[in-house]
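Remarks on the structure that follows.
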Amino acid sequence: KHFKSDEMKKYLGRIADSRGHAFAKQVFEKVKTLLPGFELEAKMRSLGAPKNPDLGDIDVLAWDTSKNTIFLIECKRLRKSLSPRDVINRLEEFKGKKGDSLGKHTRRAEWLKNNPDVLAKKTGIPAAKIKWVPLLVTSGRVPMTFLDGINFPKNNVVPFSEIEQILTCDHTL
C-alpha cells in the first residue's frame with residue numbers, strides 16, 4: 001500500500017508469491033517425513049472442482065490412512081505484526097470469510113467435504129470414515145490463534161514450528 005506504481009506493485013507481488021511458494025515447499029518437505037500420503041499444490045480442478053468459481057489449489061494435501069485423516073493445509077508466510085494496527089489488519093485479513101486470505105481455503109475445504117469420494121479414491125480412505133483436518137500453517141505465531149471470532153477453528157491455526165505435533169496426534173474433528 002506504500003507504493004503507487006504498477007511496476008513496483010507487480011515486483012513486490014512476485015517476491016511475495018515466490019516466498020509463499022518456498023514456504024509451502026518447506027511445509028511439504030516436513031509433511032513428507034511425517035505422513036505416508038502427500039501432494040504439493042493439489043489443483044482443485046484436477047480433483048473435480050468446477051471451473052467457476054476457481055478454487056485454486058490446496059497448498060499441501062496430506063493423509064494418514066492408518067488414522068483415516070486428511071489434512072487440507074494452507075500455508076502462509078507472514079511478516080511479524082509490529083504494532084497494534086498490524087495485529088488488527090492481520091485479524092481483518094484472516095476471518096475466514098469470502099474475499100479474505102482464509103476464505104478461499106474454507107471454501108475449498110467445504111467443497112471437498114461435500115464431495116468426499118474424490119479424496120476417498122485418491123487416498124484409499126473410505127469416504128464415510130474421513131476425518132477432515134483443515135489447517136492454516138503459518139511461518140510464526142499469529143494473532144488468529146487467540147481469537148474466537150474467525151470462521152475457522154483457532155486450534156487449526158498452527159505455526160510451522162508446531163506442525164509435527166499436529167500431524168502426528170489423533171484427530172477427532
Side-chain angles (χ1 to χ4, degrees), residues 20-21 23-50 53-78 90-173:
H21 284 293
F23 180 62
K25 179 96 167 113
Q26 179 184 11
V27 171
F28 175 72
E29 292 300 324
K30 183 64 174 179
V31 167
K32 283 176 26 178
T33 69
L34 301 169
L35 297 174
F38 38 80
E39 184 175 334
L40 178 64
E41 297 177 351
K43 306 285 184 227
M44 291 297 293
R45 291 281 313 277
S46 70
L47 296 173
D54 179 15
L55 294 175
D57 60 49
I58 302 287
D59 290 338
V60 179
L61 174 64
W63 57 93
D64 186 342
T65 52
S66 69
K67 297 178 182 176
N68 296 324
T69 305
I70 296 178
F71 298 92
L72 309 171
I73 305 173
E74 179 75 3
C75 303
K76 293 291 182 186
R77 182 187 173 280
L78 303 170
R90 184 64 41 79
L91 292 172
E92 288 294 319
E93 183 183 353
F94 286 89
K95 286 186 173 181
K97 304 212 172 165
K98 188 174 182 174
D100 74 16
S101 294
L102 190 52
K104 202 170 196 179
H105 184 60
T106 58
R107 286 195 312 283
R108 284 189 283 264
E110 264 321 295
W111 189 90
L112 289 167
K113 286 178 186 178
N114 290 330
N115 298 277
D117 293 337
V118 172
L119 288 183
K121 182 178 179 182
K122 183 177 193 72
T123 65
I125 300 171
K129 293 187 175 188
I130 294 174
K131 296 176 195 165
W132 299 98
V133 183
L135 293 175
L136 171 60
V137 176
T138 60
S139 50
R141 273 273 168 235
V142 291
M144 291 79 74
T145 58
F146 306 102
L147 185 68
D148 290 326
I150 64 172
N151 187 28
F152 195 80
K154 69 180 182 179
N155 293 337
N156 292 27
V157 179
V158 183
F160 177 72
S161 61
E162 296 175 16
I163 193 170
E164 185 169 351
Q165 297 165 271
I166 297 300
L167 295 179
T168 57
C169 75
D170 278 327
H171 292 274
T172 57
L173 300 174

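Model, not experiment: these values are computed from the prediction.
- Asn68 and Lys129 get closest at one heavy-atom pair: CB-O, 3.3 Å.
- His105 places a side-chain N or O within donor-acceptor distance of the main-chain N or O of Leu72, the cut-off being under 3.5 Å.
- Between Ile70 and Ile125, some side-chain heavy-atom pair lies under the 4.5 Å cut-off.
- Taking CD of Glu74 as the start and CG of Asp59 as the end, the distance is 4.5 Å to the nearest 0.5 Å.
- Residue Ile58 comes nearest to Ile73 through the heavy atom pair CG2-N, 3.8 Å, listed as atom of the first residue, atom of the second, then distance.
- The structure places CG of Asn156 at 14.0 Å from CH2 of Trp132, a figure rounded to the nearest 0.5 Å.
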Quick one: do Phe23 and Ser139 satisfy side-chain contact (heavy atoms from CB on, under 4.5 Å)? Show the steps, please.
CA-CA 8 Å; Phe23 180 62; Ser139 50; 4.1 Å; yes
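- Residue pairs that meet the side-chain hydrogen bond (donor to acceptor under 3.5 Å, both in side chains) test with at least one member in residues 24-36, sequence neighbours left out, are Lys25-Glu29, Glu29-Lys32, Lys30-Glu164.
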Donor-acceptor list for residues 113-120 side chains, cut-off 3.5 Å, not counting sequence neighbours:
{"unit_1": "Asn114", "atom_1": "ND2", "unit_2": "Glu110", "atom_2": "O", "d": "3.2"}
{"unit_1": "Asn115", "atom_1": "ND2", "unit_2": "Trp111", "atom_2": "O", "d": "2.7"}

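- Minimum heavy-atom separation, Ala24 to Val60: O-CG2, 3.8 Å.
- Interatomic distance, Asp54 CG to Arg107 CZ, rounded to the nearest 0.5 Å: 9.5 Å.
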Go through Val27 and Phe160 one step at a time and tell me if the side-chain contact (heavy atoms from CB on, under 4.5 Å) criterion holds.
CA-CA 7 Å; Val27 171; Phe160 177 72; 3.8 Å; yes
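- Between the side chain of Thr69 and the backbone N or O of Lys67 there is at least one donor-acceptor pair closer than 3.5 Å.
- Between the CG atom in Leu167 and the CZ atom in Phe71 there is a gap of 5.0 Å [rounded to 0.5 Å].
- Each salt bridge (charged side-chain N to carboxylate O under 4.0 Å, His left out) pair with one or both residues in residues 33-47, not counting sequence neighbours, appears once here: Glu39-Lys122, Lys43-Asp57.
- In plain terms, the two heavy atoms of Leu136 and Lys76 that are nearest each other are CD1-CG, 3.5 Å.
- Side-chain contact check for Ile163 versus Val31: some heavy-atom pair is nearer than 4.5 Å.
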